Asks: 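Following this message is one structure expressed as structure tokens.
So you know, we letter chains A, B, ... as the sequences are listed, proteins then strands, and number each from 1. Side chains are part of it too, since the values below use all heavy atoms of this structure and drop only hydrogens, waters and symmetry mates. Quick caveat, the model's predicted, so the values are computed rather than measured.
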Protein chains: 2
Amino acid sequence: MSKELNIEWAIERLKEANYKYTDKREALVRYFVDKDRYLSAKDVQEYMSEQFPSLSFDTIYRNLYLFTELGVLESTELNGEKYFHFACRLSGHHHHHFICKNCGKIKALDVCPMSIMGEQLEGYNVETHRFEVYGLCPDCKK
Amino acid sequence: MSKELNIEWAIERLKEANYKYTDKREALVRYFVDKDRYLSAKDVQEYMSEQFPSLSFDTIYRNLYLFTELGVLESTELNGEKYFHFACRLSGHHHHHFICKNCGKIKALDVCPMSIMGEQLEGYNVETHRFEVYGLCPDCKK
DNA sequence: CTCTTTGCAAAACATTTGCATGCCT
DNA sequence: AGGCATGCAAATGTTTTGCAAAGAG
């Protein structure tokens with residue numbers, strides 16, 4: 001899956017939902033596609049302010065949440081902060097992640113714990129679940 | 001496991017670590033043992049301020065983190081807020097939880113996704129993981 | 001008597017909102 | 001032109017910290 005296709009796809013989703021294309025939005029998506037890891041709003045702002053010195057936090061927040069709504073990004077919380085990553089359309093199937101605590105890089109895991117739940121939640125109304133593995137990736141391990 | 005034993009155990013851990021017994025700390029632990037669900041600092045403060053009208057947020061926060069350090073409480077994050085629950089010593093073995101989104105009640109799950117990870121994380125340094133299931137408990141489902 | 005715990009207040013931090021201006025379509 | 005996007009600033013909500021006073025051992 002090429003980066004460009006991913007970005008085009010993200011822009012598509014913007015337009016489908018009647019949101020407008022802006023260069024800032026593209027730059028934001030591009031950053032996530034390039035990095036392919038969990039990033040905080042602060043990370044994004046740090047990077048984006050190089051290209052758009054006047055870019056404000058509110059715009060970043062608004063766009064992070066917009067893209068999350070659109071399914072372009074996915075988010076998780078860690079240490080009181082929200083982290084986002086690109087929700088690649090290739091991996092359209094349900095999956096979970098290993099997250100490197102050092103660099104934030106992610107690795108998709110092809111197992112889902114719900115598959116081994118058995119009858120334990122009989123009578124319960126299961127809505128969502130969260131499964132994430134944390135540690136150091138091979139690069140950061142050294 | 002009786003409530004009293006759980007509370008005594010928690011107080012034990014305080015003393016072992018050279019922290020002092022106070023009535024506020026006992027009341028806090030007792031609240032968690034009685035409720036047996038995930039509670040936010042706000043929940044705790046709401047309840048505690050009935051008994052200790054002058055009790056301040058800082059004390060609650062400090063004690064929530066203290067007990068978490070001691071292994072008496074465990075915490076998770078949801079919607080930008082931290083939630084705590086009593087880490088029962090009976091269930092000393094590793095486990096995960098179903099959490100009711102409505103009442104916060106928890107149910108221990110006896111499966112751990114790490115058992116089906118296989119070789120996927122070969123080369124990675126796995127430190128921790130998080131697995132939680134959210135939904136409605138049988139009572140709240142109605 | 002000493003050292004921890006608490007209350008108070010203020011700060012820190014991430015996030016959200018209102019409003020006027022500016023830009024995409 | 002019209003409506004969404006942005007910047008600015010201020011507000012919100014949660015959590016943390018410094019310091020002096022009160023309390024446990």
Asks: Looking at Tyr61(B), does any N or O in its side chain come under 4.0 Å of the phosphate oxygens OP1/OP2 on dT15(D)?
Replies: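 So the side-chain polar atoms of Tyr61(B) do come within 4.0 Å of the phosphate oxygens OP1 or OP2 of dT15(D), strictly under.
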Asks: I need the CE-P distance between Met48(A) and dT6(D), as an integer number of Å.
Replies: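 The answer, rounded to whole Å, is 9 Å.
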Asks: Report which part of the nucleic acid Ser54(B) touches: base, sugar-phosphate, or nothing (heavy-atom distance under 4.0 Å, all strands).
Replies: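 The answer is sugar-phosphate, as Ser54(B) gets under 4.0 Å only of primed atoms, P, OP1 or OP2.
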Asks: Could you tell me the separation between the CD atom of Glu81(B) and the C1' atom of dT16(D), rounded to a whole number of Å?
Replies: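 These atoms are roughly 16 Å apart.
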Asks: Arg25(A) side chain: which of dA5(D), dT15(D), dA14(C) is closest?
Replies: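 Per side-chain heavy atoms of Arg25(A), the pick is dA5(D).
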Asks: Starting at the 5' end of DNA chain C and moving along, which residue's nearest nucleotide shows up first, Asp23(B) or Asp23(A)?
Replies: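 Upstream on the strand: Asp23(B).
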Asks: Mind running salt bridge (Lys or Arg N to Asp or Glu O under 4.0 Å) on Lys3(B) and Asp34(B) for me, showing each step along the way?
Replies: CA-CA 7 Å; Lys3(B) 288 177 178 180; Asp34(B) 283 346; 3.4 Å; yes
Asks: Please figure out whether Leu14(A) or Ala41(B) has its closest DNA chain D nucleotide nearer the 5' end.
Replies: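 So the residue in question is Leu14(A).
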Asks: Closer than 4.0 Å, any side-chain N/O of Ser56(B) to the OP1 or OP2 of dG7(C)?
Replies: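 So the side chain of Ser56(B) is within the cut-off, an N or O lying under 4.0 Å from OP1 or OP2 of dG7(C).
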Asks: Is a donor-acceptor pair below 3.5 Å formed from side chain Asp58(B) to base dC8(C), judging by atom type as modelled?
Replies: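 Yes, a donor-acceptor pair under 3.5 Å.
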Asks: Output yes when Glu69(B) and Arg13(B) qualify as a salt bridge under the 4.0 Å nitrogen-oxygen rule, no when they do not.
Replies: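 No salt bridge links Glu69(B) with Arg13(B).
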Asks: Looking at dT14(D), I'd like to know if its phosphate oxygens (OP1 or OP2) sit under 4.0 Å from a side-chain N or O belonging to Lys42(B).
Replies: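 Yes.
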Asks: Counting the atoms with a prime plus P, OP1 and OP2 as sugar-phosphate, which does Arg62(A) contact under 4.0 Å by heavy atoms, base, sugar-phosphate, or nothing?
Replies: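 Arg62(A): base contact, heavy atoms under 4.0 Å.
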Asks: Counting only side-chain nitrogens and oxygens, does Thr22(B) get under 4.0 Å of the OP1 or OP2 atom of dT6(C)?
Replies: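 Answer yes for this pair, as a side-chain N or O of Thr22(B) is under 4.0 Å from OP1 or OP2.
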Asks: Between Glu77(B) and Lys82(A) (salt bridge meaning N to carboxylate O under 4.0 Å), is one present in this structure?
Replies: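 Salt bridge between Glu77(B) and Lys82(A), a charged N being under 4.0 Å from a carboxylate O: no.
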Asks: Checking all strands, does Asn18(B) fall into the base, sugar-phosphate, or nothing category for heavy-atom contacts under 4.0 angstrom?
Replies: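 Answer is nothing: Asn18(B) stays at 4.0 Å or more from every strand.
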Asks: Students often get this wrong, so: under 4.0 angstrom with heavy atoms, is Phe52(B) touching a base, only sugar-phosphate, or nothing?
Replies: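 It contacts nothing in the nucleic acid.
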Asks: If you only use heavy atoms from C-beta on, which nucleotide in dG25(D), dT25(C), dT15(D) is closest to the side chain of Tyr21(B)?
Replies: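 Within the option list, the nearest is dG25(D).
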Asks: Any side-chain N or O of Lys24(A) less than 4.0 Å from the OP1 or OP2 oxygen of dA5(D)?
Replies: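 No, because none of the side-chain N or O atoms of Lys24(A) sits under 4.0 Å from OP1 or OP2 of dA5(D).
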Asks: Could you state the CD1-C1' distance from Ile11(A) to dT25(C), rounded to the nearest angstrom?
Replies: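 Rounding to the nearest Å, CD1 of Ile11(A) and C1' of dT25(C) are 15 Å apart.
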Asks: Do we see a donor-acceptor contact under 3.5 Å between the side chains of Tyr134(B) and Glu132(B)?
Replies: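 Note: Tyr134(B) and Glu132(B) side chains meet the donor-acceptor criterion.
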Asks: Checking contacts here: which listed nucleotide (dT6(C), dC24(C), dT15(C)) is nearest the side-chain heavy atoms of Lys82(A)?
Replies: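 Side chain of Lys82(A) sits closest to dT15(C).
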Asks: Taking atom types as modelled, find out whether His129(B) and His96(A) have a side-chain donor-acceptor pair closer than 3.5 angstrom.
Replies: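 Their side chains do not contain a donor-acceptor pair, so the 3.5 Å distance test is not met.
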Asks: Reckon Tyr65(A) has a side-chain N or O less than 4.0 Å from the OP1 or OP2 of dT16(C)?
Replies: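 Checking Tyr65(A) against dT16(C): at least one side-chain N or O falls below 4.0 Å of OP1 or OP2.
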Asks: What does Phe57(B) touch in the nucleic acid at a heavy-atom separation under 4.0 angstrom: a base, only the sugar-phosphate, or nothing?
Replies: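 Since no nucleic acid heavy atom lies under 4.0 Å of Phe57(B), the category is nothing.
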Asks: Can you tell me the distance, in whole Å, between the CD atom of Gln45(B) and the P atom of dT15(D)?
Replies: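 Roughly 12 Å, once rounded to whole Å.
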